[in-house]
Amino acid sequence: MSQNIFALVDCNNFYASCEKLFRPDLANTPIVVLSNNDGCVVARSKEAKKLGVKMGVPLFQVRELMQKHGILAFSSNYALYADMSQRVMSILEGLAPRVEVYSIDEAFLDLTGVSHCKGLTEFGLSVRQTIQKCTGITVCVGIAPTKTLSKLANHAAKTWHKTGGVVDLTSKDRQRKLLALLPVNEVWGIGSKLTKRLQQFGIDTALQLADADPKYIRQHFSVLVERTVRELNGESCIALEEMAPTKKQIISSRAFGERITDKQQMREAISEYISRACKKLRGEQQQAKHLTVFLRTSPFSEKDAPYSASKSVELDRPSSDTRIFLAKAMQLLDSLWVTGYRYAKAGVMLADFYDPGVYQPGLFDDPIVQRESDQELMQLMDKLNTKNANTIWFASQGAKQNWSMKRELLSPAYTTNWSQLPKVK
DNA sequence: TCTGGGGTCCTAGGACCC
DNA sequence: TCTGGGGTCCTAGGACCC
């Protein structure tokens, strides 16, 4: 049996790097990228990391530090990041036989067989150079016999600069050396809760986890942790998935730019989320039967009374028609809404998906009539709104939307909008 | 006095990821 | 004053059945 070989390619400081691509004047400036609503820090350039800005901190907590060191902030510009991501991924698809796009800034490659033609480190370096040259984005490459180990190899490539950004972890010796150096929480799949529990069992390093008995781990933790133990020992349990599996749920939710206390505004917000979620659903060529609406106050506020509630409904039959979900969502909202709270966030979730035309109605249900005009209307809406966002919308979404999110520090859509292309003077 | 056991299905909640 | 959004999977426990 031939040995599996995976590579994990991960873009360095991806969002921050994207922001810098079109701002050469900021080459050595520390910058951070903020979450929606400019709430907290979700990406940092290497200069900002060095100055001690932590991942995930609320912006207001680091304002002083940022001012002191001249750290610049950007609102997240997903149009830009998604476009740059696609460029990186399509290059990778030309370089490796099989590619799994794992997230916006990382991909697993299947390198089984590649070592017959080329050294693995050499291959990794060429990936790095090609991406750098074609997109300006720097990536690190970790190579190993399992996905979990390739994640750790990538971590090593990022952490130690003398690796040149590529680490080949196919040798057992090197695996054990690296595992001994890393705390257990660096392992893919081991989060903060598991780290604490593992420590109670005397497991502090990745190597100690690798050396634990899988059956014992299964007993005291879960199959997932057992799988991780096996992966750390070079036994590949998590396969490469080239085809993205079909989604099982679609969520659209946002924290509000300002707290909502008025029901009409909440109706607008929920309407907006419904129409986004349904557009996404149609984009997936799916229909949904289950709808959930939820709303809540801020969990961080000490002086606001807490309130959090959600309610769901099953449709008679699957649909992707925005109007049907809008009507149901407004009914759910009526039963969830309590006047007097300062709402901080709300959202909707679609689930229980069917391929169009597959649903089997019950014996006493009305027969399904697919009106072509309904589908055409939705298609037309999507077409108009894809070309130019918010060309048309439902009246219930509201025109002013003063609850919508804050993005005060947004950079231009350099690569996806003709009028915002960078100019060379 | 003594009060079964095993199976399925569903849901809520928890944990993880980026 | 100000704390993201969108996912997946597993487990425990309750309801229900025979």
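Letters A, B, ... are given to chains in the order of the sequence lines, protein chains preceding strands, and every chain is numbered from 1. As a basis for the values below, the full set of heavy atoms in this structure was taken, side chains included, without hydrogen atoms, waters or symmetry mates.
- Side-chain atoms of A:N4 do not come within 3.5 Å of backbone N or O of A:P145 as any donor-acceptor pair.
- Contact annotation: A:R63 side-chain N/O to C:dT1 OP1/OP2 distance is not under 4.0 Å.
- Among the heavy atoms of the strands, none lies under 4.0 Å from A:R197.
- Each of C:dG5, C:dG7, C:dT3 was ranked by its minimum atom distance to the side chain of A:K280; first place goes to C:dG7.
- Nearest nucleotide to the side chain of A:L194, out of B:dC16, C:dT3, B:dC17: B:dC16.
- Taking 4.0 angstrom as the limit, A:S253 places a side-chain polar atom (N or O) nearer than this to OP1 or OP2 of C:dG6.
- Note: CE (A:M55) to C1' (B:dC17) measures 12 Å, nearest angstrom.
- Of the residues near DNA chain C, A:Y78 and A:V223, the one whose nearest nucleotide (by heavy atom distance) lies more toward the 5' end is A:Y78.
- Rounded to whole Å, atom C1' of B:dC17 lies 11 Å from atom CD1 of A:I238.
- Contacts of A:S192 with the nucleic acid, taken as non-hydrogen atoms under 4.0 Å apart, involve only primed sugar atoms and P, OP1 or OP2.
- Residue contacts for A:V57: at a heavy-atom cut-off of 4.0 Å it reaches no nucleic acid atom on any strand shown.
- Atom CE in A:M66 sits roughly 13 Å away from atom C1' in C:dC2 (whole-Å rounding).
- Of the possible donor and acceptor atoms, none in the side chain of A:Q249 sits under 3.5 Å from a partner among the backbone N and O of A:A351.
- The separation between A:R296 atom CZ and C:dG5 atom P is 8 Å, rounded to whole Å.
- The A:A255 side chain lies nearest to C:dG5 when the options are B:dC18, C:dG5, C:dT3.
- As a whole-Å value, the separation of A:D105 CG from C:dG6 P is 18 Å.
- Remark: P of C:dG7 and CZ of A:R276 are 12 Å apart, rounded to the nearest angstrom.
- Between A:Q397 and the choices A:E272, A:R276, A:E268, the side-chain hydrogen bond (donor to acceptor under 3.5 Å, both in side chains) rule is met once, by A:E272.
- In this structure, A:K345 does not reach the C:dT3 phosphate: none of its side-chain N or O atoms is under 4.0 Å from OP1 or OP2.
- Within 6.0 Å of NZ in A:K193 there are 12 or fewer heavy atoms belonging to other residues, nucleotides or ligands.
- For A:E314, the CD atom is densely surrounded, since the number of other residues' heavy atoms within 6.0 Å is greater than 12.
- Between A:K406 and C:dT3, a side-chain N or O to OP1/OP2 separation shorter than 4.0 Å is absent.
- Of all nucleotides listed (C:dT3, B:dC18, C:dG5), C:dG5 comes nearest to the side chain of A:N36.
- In this structure, A:K196 does not reach the B:dA15 phosphate: none of its side-chain N or O atoms is under 4.0 Å from OP1 or OP2.
- Among A:T163, A:I131, A:L8, A:V166, the one residue that satisfies the side chain to side chain contact (heavy atoms under 4.5 Å, CB included) test with A:V141 is A:V166.
- Side-chain N/O atoms of A:R227 include none lying less than 4.0 angstrom from OP1 or OP2 on C:dC9.
- Within 6.0 Å of CZ in A:R176 there are 12 or fewer heavy atoms belonging to other residues, nucleotides or ligands.
- The P atoms of C:dC18 and B:dT3 are separated by 25 Å, rounded to the nearest whole Å.
- Under the Watson-Crick and G-U wobble criteria, each requiring two contacts below 3.5 Å, nucleotide C:dC18 is paired to B:dG5.
- Figure legend: cation-pi geometry between A:K147 and A:F108, with NZ or CZ positioned under 6.0 Å from the six-membered ring centre and within 45° of its axis.
- Between the CG atom of A:L295 and the P atom of C:dG5 there is a distance of 14 Å, given to the nearest Å.
- Between A:D304 and A:R254, the residue whose closest nucleotide on DNA chain C is further toward the 5' end is A:D304.
- Panel note: side chain A:S35, backbone A:D38; no donor-acceptor pair is recorded below 3.5 Å.
- Listed by residue number, A:K247, A:K248, A:Q249, A:I250, A:I251, A:S252 are the residues of residues 242-252 of chain A with a heavy-atom contact under 4.0 Å to DNA chain C.
- Within 4.0 Å of A:R218, counting heavy atoms only, lie sugar-phosphate atoms of the nucleic acid but no base atom.
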